[in-house]
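Inspection log for the structure reproduced underneath, given as structure tokens.
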Amino acid sequence: MPAPHELTAVELRDALASGALGAEEVTIHYLRRIEELNPELGAFLTTTPELAVAEARAADARRIRGEKLGVLHGVPLAHKDLTDVAGVRTTMGSTALDPRVAEEDAPLPAVLRRAGAISLGKTQVPEFGLSSYSENRVGPPARNPRDPRLSPGGSSGGSAAAVAAGLIPFAPGTDGGGSVRIPAAATGLVGLKPNRGRIPSGSAQQDLGQFVVAGPLARTAADAALLLDAMVDEPNYRATSAAPVPGTFLAAALRAEGRFRIGVSTRSPFESRLDIRLDPEAVQALDAGIAALSSAGHDLADADLVYDERYPDAFQVVWTAGLATAALPPGGGDRLTDLAAVMRQRALRRSAADLVAAVDVLRTFEAETIRQYSAYDMILTPALGMTPRPIGWYGSGHEAPEDRADEDYARQCRYSPFTSMVNVCGLPAITLPVLDTEAGLPMGVQLIGRPGAEADLLAVAAQLGY
């Protein structure tokens, strides 16, 4: 049998369920890989070997006793260090906060623990999950396994690096503006942002725009579907805002059925404020995606989309609003990174009327964008506007903190001009790695689905061989 990290997550799940592999054996294997490879990658901020091995031994005992096993029995994974896991420190990627060890699991880790998954630790994130790169002052930056000089993206960058390097078979991420899809595209993974309300745990209903939803990072569509099935399988709660899916997401991925009308677009809602230029590699990836989808029998057509020019300002207001209520200890504000510090001060100065006006703009944007998208079953865009960016690239070249923060934000928007609009609209979307550049870097495309159409997105991904 291949080594555990050479198996897909579905194959690993099956081997663990049958007893061909033991949970303790698999856990120790991955912990050793983390010990060997993480110092160069910075994917993990914290590892929890004692807790993980103890859980694995208990999982093996349950299987030997013939007890009912969870859908992820014995499968290792890791959580972003924005999420509480019982007995493990949570840093939120910030030295501005006092160290804190969580007393209990947050809802999403609790759901996945009940499904039988074993957490190996916490992965690197940007401060408060704000950005599309995973660098902070808590630990070393997360690095891209394809080229450690480059970033794996963010905010789920540590998780993506861990999956891409075979340190874990898959991982749950959270996506408030592209935070699953951006690192998936940068590291050559499948990244799925589910529909707003699809995941009963890990969706940040407290975030003002209701942008954030948890979603899977995986090497294959089937692996992403398996994790998604576990994420929605919470007792007495199923998402009600998304269309019902017959069977399971894994079954949909394995069936790989459907032919769809797909609109192709390179328009970005940030065009009204920024000069959005696509790298040649991004254009090549889009062309590769068009060719692959056409060969699979889908009907592709150029989509003539128009976006509200007020979007960029409104999105920034709502995206950063939560910083105004961040509870920092005395002196904590002095330890914030430039991006968080500047955006927090601006958020504190805004009035309630400013926030309401920005939310109104985004709700209008949502309705109008979904109306335009409804002419198609899916919308195809580049996943990213540029190749993966170097470590330290964001905000560089300026001395004043405000200038660095503004440049940081502008570069994020130019790097990822097609993702945040999907969060505003609440729609599902998937990124697929359709191309490797001459330098060996992954480039991908994004497919945006109709409301509740995660199963269709996974099916199309599987049709293309992912």
Side-chain angles (χ1 to χ4, degrees), residues 175-178 180-181 192-199 203 205 207-213 215 239-245 258-274 276 278 286 289-290 293 298-319 355-383 385 413 416-432 445-460:
D175 191 317
V180 164
R181 290 159 290 151
L192 175 66
K193 175 215 169 292
N195 202 90
R196 178 183 294 139
R198 171 65 75 183
I199 307 294
S203 300
Q205 293 304 317
D207 90 89
L208 182 63
Q210 296 191 357
F211 297 158
V212 182
V213 61
T240 57
S241 64
V245 176
R259 295 294 179 269
F260 301 99
R261 176 171 168 75
I262 299 173
V264 182
S265 176
T266 58
R267 297 296 305 274
S268 166
F270 289 107
E271 290 173 1
S272 63
R273 296 291 185 276
L274 297 169
I276 304 297
L278 300 182
L286 182 62
I290 291 170
L293 290 163
H298 301 287
D299 177 21
L300 280 80
D302 289 337
D304 185 17
L305 304 177
V306 178
Y307 292 117
D308 192 326
E309 293 185 355
R310 300 171 297 170
Y311 176 92
D313 296 335
F315 178 77
Q316 185 180 123
V317 167
V318 179
W319 173 69
L355 295 178
V356 170
V359 170
D360 283 346
V361 168
L362 296 185
R363 291 297 162 253
T364 301
F365 176 92
E366 175 184 350
E368 176 57 22
T369 300
I370 290 177
R371 184 195 67 77
Q372 293 184 80
Y373 286 4
S374 67
Y376 307 93
D377 298 309
M378 298 176 184
I379 297 293
L380 176 71
T381 74
C413 296
S416 179
F418 309 108
T419 54
S420 66
M421 62 195 185
V422 184
N423 298 80
V424 169
C425 294
L427 296 170
I430 195 167
T431 52
L432 305 173
V445 294
Q446 172 180 245
L447 280 169
I448 306 166
R450 290 180 179 271
E454 295 96 330
D456 291 339
L457 294 174
L458 289 163
V460 171

Rounded distance [0.5 Å steps], CG in Leu457 versus CD in Gln446: 9.5 Å
Nearest heavy atoms of Asn195 and Pro428, plus distance in Å: OD1-CD, 3.2 Å
Test side-chain contact (heavy atoms from CB on, under 4.5 Å) applied to Leu305 and Tyr373, step by step: CA-CA 8 Å; Leu305 304 177; Tyr373 286 4; 3.6 Å; yes
Partners meeting ring-ring contact (aromatic ring centres under 6.0 Å, His included) with Phe365 (sequence neighbours left out): Tyr307, Tyr311
Reported OG-to-CZ distance for the pair Ser420 and Phe270, which is rounded to 0.5 angstrom: 3.5 Å
Atom pair CZ/CG of Arg198 and Leu192 - distance to nearest 0.5 Å: 10.0 Å
Over all atoms of both residues, closest heavy-atom pair of Arg363 and Val424: NH1-O, 3.6 Å
Which atom of Pro269 lies closest to which atom of Pro417, heavy atoms considered: CD-O, 3.8 Å
Straight-line distance of Ile262 CD1 to Leu300 CG, nearest 0.5 Å: 4.5 Å
Minimum side-chain heavy-atom gap Val264-Leu286 below 4.5 Å: yes
Rounded distance [0.5 Å steps], CZ in Arg261 versus CD1 in Ile379: 9.5 Å
Heavy-atom closest contact (Val318 atom, Ala358 atom, distance): CG2-CB, 3.7 Å
Side-chain touch Pro382/Leu278, heavy atoms, less than 4.5 angstrom: yes
Residues that Phe260 engages under ring-ring contact (aromatic ring centres under 6.0 Å, His included), provided they are two or more places apart: His298
Thr381 side chain to Ser265 backbone, donor-acceptor under 3.5 Å: no
Arg259: partners by salt bridge (Lys or Arg N to Asp or Glu O under 4.0 Å), with sequence neighbours left out: none
Steps toward side-chain contact (heavy atoms from CB on, under 4.5 Å) verdict (Ile430, Leu458): CA-CA 8 Å; Ile430 195 167; Leu458 289 163; 4.1 Å; yes
Shortest non-hydrogen separation from Val460 to Met378 and the atoms involved: CG2-CE, 3.6 Å
Residues Leu293, Leu447; criterion side-chain contact (heavy atoms from CB on, under 4.5 Å); working and verdict: CA-CA 11 Å; Leu293 290 163; Leu447 280 169; 4.3 Å; yes
Test side-chain contact (heavy atoms from CB on, under 4.5 Å) applied to Leu362 and Gln210, step by step: CA-CA 11 Å; Leu362 296 185; Gln210 296 191 357; over 6 Å; no
Spacing of OG1 belonging to Thr266 relative to CG belonging to Leu380, to within rounding of 0.5 Å: 10.5 Å
Pairs meeting criterion salt bridge (charged side-chain N to carboxylate O under 4.0 Å, His left out) with involvement of residues 371-380, two or more places apart: Glu368-Arg371, Asp377-Arg450
4.5 Å side-chain heavy-atom contact, Asn423 and Phe315: no
Salt bridge (Lys or Arg N to Asp or Glu O under 4.0 Å) involving Asp313 - partner list, sequence neighbours excluded: Arg273
Side chain to side chain donor-acceptor pair (under 3.5 Å) involving Thr431 - partner list, sequence neighbours excluded: none
For Asp175 against Lys193, the heavy-atom pair lying closest together: OD2-CB, 3.7 Å
